[in-house]
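The structure appears right after this line, and notes come after that.
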Amino acid sequence: MTGDTALVWFRSDRRLHDNPVLSRAVDAASAVVPVYVFDPRAFGTTEFGFPKTGPRRAQFCRESVQDLRDSLRDRGGELVVREGRPEDVLPDLAAAHDADTVHCQTLPAPDEQGVEDALATALRDAGRALRTRWTHTLVHPADLPTPIPNIEDTFTPWREAVEATIEPRDPIPAPDSVRTPPVEAGSVPSLAELGYDTEPTTDDRAAYRFAGGESAGLARIEEYVWKRDRLREYKETRNGLLGPDYSSKFSPWLAGGGLSPRRIYAEVTRYEHERVENDSTYWLGFELLWRDFFQFQFAKHGAAFFQQGGIRDRDIDWRTDETAFRRWADGRTGVPFVDANMRELNATGYLSNRGRQNVASFLANDLGLDWRRGASYFESRLIDYDAPNNWGNWAYVAGTGNDSRDRSFDVLWQAQRYDPDAEFVTHWLPELDGLPAAYAHEPWTMDDTARQDHGIELGVDYPRPMVELDGEKERDADS
Ligand SMILES: Cc1cc2nc3c(=O)[nH]c(=O)nc-3n(C[C@H](O)[C@H](O)[C@H](O)COP(=O)(O)OP(=O)(O)OC[C@H]3O[C@@H](n4cnc5c(N)ncnc54)[C@H](O)[C@@H]3O)c2cc1C
């Protein structure tokens, strides 16, 4: 241990468990100043005109920061909270505390890289150093069989090589104590102070009520894996659409850093020893590798992921049609399975993986609209937004990313396969409640008598479909 004070800048790693940035700084310095910075750029507008961070994710972020502060205080430390650009705020704080080094997580997306570069320059000019660590994936890039610039662009060979050669590293325990010198702590800004004029609404129909922070994330592991014992059937239920437990719901904490993937993996391994090891326990790790894959892909391809042609530079003639886009975004396309999913997203900030795949495919492949606008809309709305996961998955579905196959989904077939009783569709579209499942999924197939019997007039009670769907599509893309 040296006599120095070190600054620890929390980014998407808002936790104490398995946080190598914090743990190594605590080990290396006699005191640490933990800092979280609300960067106004994260609360600006996307290239496509949507708020970058919708109020639900902003609230989740506030809760995460408050929880981090409480946990640090429990260990004798403090969390300094500031608003501003990290490259301006952190050098000043480092100077005020005479800290030689700022420690932080490194992230692969270009905006975050840009901030790191600007901060490194500002610190260097002041005779200080930035020490970054990669901390957010299950497997560490240094352990990869192939260095990031040369990794495969196709998931399966990459995954097979990883599974054959790497065991994830063990998670690091949270430090027992954190010594923070006297600081001016600052308060966690309210939503109003962050520029929101309304509180996020809640909806009783939501699959899950997400609360930000490491404490809630760890409680969700306890609930899903141990108390409700749902991991044992994850592979069979993960394509579900309704309720809290068809999938883990870990994504908002993984994206915001409340949970570490290595901690989840360690819990899965413990579960395999203490309860059962089966395809489902394997499959959760498999999905965490999908997440890793997109993180490494972003580190490899960077800004190309945001280009219309994507990493494959494909020349596709995407349409721009504001009315069509709004119908998709508002859940008024006239295709119930698409509309129910979009209404869930709008009402809750969360959507199942099956739902995301279908609405993305509908926008890109059935409507032919610029996929980046859909991705940008998701960015605005999702509580679990993560740039590599979101843009990587969108590009994948739109045919501009890590898959050379046509990923068009037959949304009508998908609706019948994954929502056979139309329970999900009527959950989110009450105007179709009471219809037999076949009509609830395809209300345009009702004849006059059926329409009268059920009291539904298309174009009045529910929109007519905005596009004719052909059946020549992939039926079950089960990624
Ligand atoms: C168009 C589209 C956009 C998406 N945008 C995001 C996003 O912004 N943020 C995000 O976290 N996930 C995104 N996903 C991936 C996936 O849909 C969510 O991670 C998952 O639905 C979250 O619910 P869960 O935690 O219950 O998932 P589970 O099924 O329980 O999976 C466990 C974890 O594995 C990871 N995972 C699962 N599926 C995928 C996948 N297809 N790709 C990458 N990682 C995966 C996630 O971290 C997830 O939390 C997107 C998928 C699509 C098709």
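For ligands, and for the atoms within them, numbers begin at 1 and follow the listed sequence.
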Worksheet item: Take atom CZ in R275; do more than 12 heavy atoms of anything else shown fall under 6.0 Å from it?
Response: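 Yes - once you tally the heavy atoms of other residues, nucleotides and ligands closer than 6.0 Å, there are more than 12.
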Counting heavy atoms only, which part of [X] comes closer than 4.0 Å to ligand 1: side chain, backbone, both or neither?
| X | answer |
| --- | --- |
| F293 | neither |
| S251 | both |
| Y396 | neither |
| L254 | side chain |

Discussion item. The criterion is ring-ring contact (aromatic ring centres under 6.0 Å, His included); which residues satisfy it with F155, sequence neighbours excluded?
Written reply: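 Expected list: F286, W290, F293.
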Fill in: Residues in ring-ring contact (aromatic ring centres under 6.0 Å, His included) contact with F378, at least two apart in sequence or another chain
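Only W394 meet the ring-ring contact (aromatic ring centres under 6.0 Å, His included) criterion with F378.
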Discussion item. With respect to Q357, determine whether any N or O atom, backbone or side chain, lies less than 3.5 Å from an N or O atom of ligand 1.
Written reply: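 No.
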Assess the side chains of [X] and [Y]: does a donor N or O sit below 3.5 Å from an acceptor N or O?
| X | Y | result |
| --- | --- | --- |
| D117 | Q113 | no |
| R14 | Y36 | yes |
| Y418 | N358 | no |

Discussion item. Please compare R356, E287, Q295, R238 and report which has the shortest non-hydrogen distance to atom 4 (C) of ligand 1.
Written reply: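 Looking at heavy atoms only, the winner is R356.
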Worksheet item: Considering T237, L351, N353, V397, which one's heavy-atom position lies nearest to atom 16 (C) of ligand 1?
Response: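 Looking at heavy atoms only, N353 sits closest to atom 16 (C) of ligand 1.
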Fill in: Heavy-atom gap V359 to ligand 1 smaller than 4.0 Å
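In this structure, V359 fails to qualify as a contact of ligand 1 - no heavy atom is under 4.0 Å.
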Worksheet item: Is there a heavy atom of Y350 sitting under 4.0 angstrom from any atom of ligand 1?
Response: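 Checking ligand 1 against Y350, which is what was asked, there is a heavy-atom contact under 4.0 Å.
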Close-contact set for ligand 1 against [X] heavy atoms, below 4.0 Å:
| X | value |
| --- | --- |
| W394 | 1 (C), 3 (C) |
| L284 | 32 (C) |
| K249 | 24 (P), 25 (O), 26 (O) |
| L382 | 5 (N), 7 (C), 8 (O) |

Worksheet item: Would Y196 and Q59 satisfy side-chain contact (heavy atoms from CB on, under 4.5 Å), going step by step from the backbone distance to the final call?
Response: CA-CA 10 Å; Y196 297 89; Q59 178 64 12; over 6 Å; no
Worksheet item: Angle class for the F325/W328 ring planes (parallel below 30°, perpendicular above 60°, tilted otherwise)?
Response: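 F325 vs W328 ring planes: tilted.
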